[in-house]
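Chain letters run A, B, ... following the sequence lines, proteins first, then strands; residues in each count from 1.
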2 protein chains.
Amino acid sequence: MPRAPSETHVPDLTPTWRIPIQSRATLHDVARLAGVSAKTVSRVYSGSPRVLPETRERILAAAKRLRFRPNTVARNLRQGGKTDTVAFVMGDIHNPFYFHVAAGIEQELAKGGFTMLWASTGDAPDSEPVVVDALLSQLVRALVLIPIAGDQSYLEGERQLGTPIITVDRPATDLVADTVVLANRSGMADAVRSLTANGHRKIGFVSNPSEMYTLSERLAGYRQALMEAGVADSTPWERLGNDPSITPESQVRSLLDSSDPPTAIVTGNNRATMGALRELRTREDPVALIGFDDFELAEMLGISVVAHDPVELGRAAGRLALERIEHHGGPIRRIELPTRLVKRGSGEIPAPTG
Amino acid sequence: MPRAPSETHVPDLTPTWRIPIQSRATLHDVARLAGVSAKTVSRVYSGSPRVLPETRERILAAAKRLRFRPNTVARNLRQGGKTDTVAFVMGDIHNPFYFHVAAGIEQELAKGGFTMLWASTGDAPDSEPVVVDALLSQLVRALVLIPIAGDQSYLEGERQLGTPIITVDRPATDLVADTVVLANRSGMADAVRSLTANGHRKIGFVSNPSEMYTLSERLAGYRQALMEAGVADSTPWERLGNDPSITPESQVRSLLDSSDPPTAIVTGNNRATMGALRELRTREDPVALIGFDDFELAEMLGISVVAHDPVELGRAAGRLALERIEHHGGPIRRIELPTRLVKRGSGEIPAPTG
DNA sequence: CGAGGCCATGTCAGCGTTGTCATGGCAGGT
DNA sequence: ACCTGCCATGACAACGCTGACATGGCCTCG
């Protein structure tokens, strides 16, 4: 079993890569070969009807022979620096959630004939302005951003220049921008209400990190639902971390080993759910569990979750971007996507009586 | 619980979006304000040392005041249509595997100062040339592609123009291109050998689809290892589908319900593993299982897998792209990344004796 | 039969930037 | 004082394309 990547030099049947022999054909080359002016070739490629079918065919034949492909860069420049790309900037490369968002954005943009320029900040807040700036200098038509930096005021100038800015999953700070978010608060409240309906009062909340917008919203939903059920102070059952070295398992362990352990647990996100699952596996006590974010094996494992559609989150953002590109005016918009409590068993374990 | 996305018009504290008031500042605007020529401003932004520190500062101050950002599109055009973007085209939006690949590519490209233009074909082979063409017309410096179309000969012209083309996960058909793939064949053979070492002879192979390059390689590895163990004809235990409507579960069911059921199963990919898991859950018989592709809960569930690193697959492709951009020459390269058999229990169930 | 109009096509300039070459000022050597 | 050479800066063109406007042939109609 090989341990290191193996590299083969493919036998030299075919020539190796080399410096290009010919250079890229331009409109003028095609025009010369077809015996027309560059402008007429241009007309063919911009779909103008004012070209004789016969001429058009001669031009297309010449273009094919020269392997001509219109130079989008030049076209964009000529047309006032308007490109057909939209930038997407995200932080955490490793979270599958964001990939689904990215896929949704790309899907919608493709419908509008736009392509997506994608860059990530590698989760370093300081690099957000740098990365965003690099994309903006490519004159993208819109910017879709999952904010990570402390604030987005550095984008104010660009906004005034008319570039639509849409944030996803979290609202921007110190910047006027359209936003698409999940119904974090009500989603979590639904989960907790479902537990209280089953008699639970001592409900743990596990989250690390917990200082992000989404998670503090979910925490708020949790507290609110507990309040409604008559539990005024939930802090003994909250395990909020902001240190990546604290594992969700250890948070759950600390909860269950406390003097007054909870009978149910809700988790702030996918990662916390995984941790809770791992820890609960090692225990006998039947503890109810509802996770935030759905996951592939949840159904098989019978785990109840607050589900939502990350791809739709991206699609909504993509649509918003396209609409803004069309009509710049109008009020700021905030779209909140619903969540759905999926009951699969783990969340329906009743509270022990007595 | 809301059922439909809710949309809020944010209260009008801040102004609404509107047509841009001012237009984007150019080199000339900055030059005028700083009292120099455009060329001098250009020199500042292209890092030329031939500018007096005092002049430089005056220019930077002016640029800041005008919120100037160099126009990459124009710069690229001027410099012979060389952009600083690399295209990545993939098919299946829904497979997390490819997102990890994408992340790896993006990571490496960022190191070289390139950004990634990402598009997907939505898994329609016919749209591959269209999507690729759209990206190429943006004059990307290299193309990284997960091939889906029947052949890639349509890229021959572009290759001759000197655009590096790198395929990932699968080799190109009818095109000379660098390639990064997994050690599919040996990886699967390792898995099967581990099973035969535990006494298994009747080993099922489940895969849908099965006609793709990666899966036929894995099938070949499976057959080879069985051959070595003295099983000449494995076809009774192969369940190969190419119809998306056939679920992996049903393939596993058909295997286990056959007159001579296997004592172990290997799966062709992640999706098949999930299906096998679901089906095996419903059964009593202890059937050994080794999956191809690792997954998040595999460790918790004790599932043995042939693991590999999709992010590294992307990184290798990204590095290859950067190297080709630097030096066009040299032989075609094929990089094969190793897999690793991770034993977690499910694959180590011994064959029933007798 | 000439005026007017329509249509296919052409000419030219310029999008914002930078490579090439030019200019003019100043320091140092003789 | 004069020449040489260096350095900071500038003038100009061009990257490939398309919008605005021009041209010239042909058809129609009074």
Side-chain angles (χ1 to χ4, degrees), chain A residues 20 22-60 62-63 66-84 134 136-141 161-162, chain B residues 20 22-60 62-63 66-84 134 136-141 161-162:
Chain A
Q22 49 185 355
S23 61
R24 210 171 284 276
T26 72
L27 269 185
H28 288 91
D29 300 326
V30 176
R32 208 174 311 128
L33 183 59
V36 295
S37 79
K39 180 70 224 208
T40 304
V41 181
S42 164
R43 271 189 265 260
V44 169
Y45 278 89
S46 50
S48 159
R50 315 253 124 270
V51 179
L52 236 44
E54 177 204 312
T55 314
R56 177 186 308 272
E57 276 183 38
R58 211 167 64 244
I59 290 174
L60 288 177
L66 296 177
R67 294 209 173 95
F68 170 72
R69 175 180 294 118
N71 182 333
T72 309
V73 174
R75 167 182 288 176
N76 288 339
L77 178 61
R78 182 60 234 265
Q79 295 183 334
K82 292 292 182 198
T83 63
D84 49 5
L136 289 179
S137 80
Q138 312 228 14
L139 302 188
V140 294
R141 288 290 282 285
L161 288 172
Chain B
Q22 48 185 356
S23 61
R24 212 171 283 277
T26 72
L27 271 185
H28 288 93
D29 300 327
V30 177
R32 207 174 309 127
L33 184 58
V36 294
S37 79
K39 181 69 225 207
T40 303
V41 181
S42 164
R43 271 189 265 263
V44 169
Y45 277 91
S46 48
S48 159
R50 317 252 124 272
V51 180
L52 236 44
E54 177 203 313
T55 314
R56 178 186 307 271
E57 277 183 38
R58 211 168 63 243
I59 289 173
L60 288 176
L66 295 177
R67 292 209 174 94
F68 170 71
R69 175 181 294 119
N71 182 332
T72 309
V73 174
R75 165 180 289 175
N76 288 339
L77 177 62
R78 182 60 235 265
Q79 295 182 334
K82 292 292 180 198
T83 63
D84 48 5
L136 289 179
S137 79
Q138 312 228 13
L139 301 189
V140 294
R141 287 290 283 286
L161 287 172

Query raised in the report: Taking CG from B:Leu52 and P from D:dG10, how many angstroms apart are they, rounded to a whole number?
Result: 11 Å

**Report entry** Atom pair OG1/CG of A:Thr72 and B:Asn76 - distance to nearest 0.5 Å
**Finding:** 12.0 Å

Query - Integer-rounded Å distance: C:dT17 C1' and B:Lys82 NZ - result: 18 Å

Query raised in the report: Could you give the distance from OG1 (B:Thr40) to CZ (B:Arg50), rounded to the nearest 0.5 Å?
Result: 13.0 Å

Query raised in the report: B:Asn71 has an atom CG; how far is it from atom C1' of C:dG16, in whole Å?
Result: 6 Å

Requested in this report: Grab the NE2-C1' distance between A:His28 and C:dT9 for me, whole Å please.
Outcome: 14 Å

Query raised in the report: Within the structure shown, what part of the strands sits under 4.0 Å from B:Ser42 by heavy-atom distance: base, sugar-phosphate, or nothing?
Result: base

Report summary line: Whole-Å distance, A:Arg69 CZ to D:dC17 P, equals 12 Å

Query raised in the report: So what does B:Thr55 touch, heavy atoms closer than 4.0 Å: a base, only the sugar-phosphate, or nothing?
Result: sugar-phosphate

Query - Nearest-angstrom distance from the residue atom CG of A:Leu66 to C1' of D:dG16 - result: 15 Å

Query raised in the report: How long is the gap from CZ on A:Phe68 to OG on B:Ser137, to the nearest 0.5 Å?
Result: 9.5 Å

Query raised in the report: When you check the phosphate oxygens OP1 and OP2 of C:dG10, does a side-chain N or O of A:Ser37 lie under 4.0 Å from one of them?
Result: yes

Report task. Starting at NZ of B:Lys82, measure out to CD of B:Gln79 and round the result to the nearest 0.5 Å. Result -> 11.0 Å

Report task. Check every strand shown and say whether B:Leu27 touches a base, only sugar-phosphate, or nothing at a heavy-atom separation below 4.0 Å. Result -> base

Query raised in the report: If you check every side-chain atom of A:Arg50, which of D:dA20, C:dA8, C:dG16 has the closest atom?
Result: C:dA8

Report summary line: One should read off an interatomic distance between B:Leu33 CG and B:His28 NE2, to the nearest 0.5 angstrom, of 14.5 Å

Report task. Measure from CG on A:Asn76 to P on D:dC17 and round the result to the nearest Å. Result -> 12 Å

Query raised in the report: Whole Å only: how far is the CZ atom of B:Arg43 from the P atom of D:dT9?
Result: 8 Å

Requested in this report: Hey, which sits more toward the 5' end of DNA chain D by its nearest nucleotide, A:Ser46 or B:Lys39?
Outcome: B:Lys39

Query raised in the report: Which part of the nucleic acid, if any, lies within contact of B:Leu77, taking any heavy atom under 4.0 Å across all strands shown: a base, the sugar-phosphate backbone alone, or nothing?
Result: base

Requested in this report: Could you check whether B:Arg75 gets within reach of a base, just the sugar-phosphate, or nothing at all, counting any heavy atom under 4.0 Å?
Outcome: sugar-phosphate

Requested in this report: Give a yes/no answer on whether the side chain of B:Thr40 brings an N or O atom under 4.0 Å of OP1 or OP2 in D:dG10.
Outcome: yes

Query raised in the report: Is there a side-chain polar atom (N or O) of B:Gln79 under 4.0 Å from OP1 or OP2 of C:dG19?
Result: yes

Query raised in the report: Between the base of D:dG16 and the side chain of B:Arg78, is there a donor-acceptor distance below 3.5 Å?
Result: no

Requested in this report: Looking at every strand, decide which applies to A:Val73 at a 4.0 Å heavy-atom threshold: base, sugar-phosphate, or nothing.
Outcome: nothing

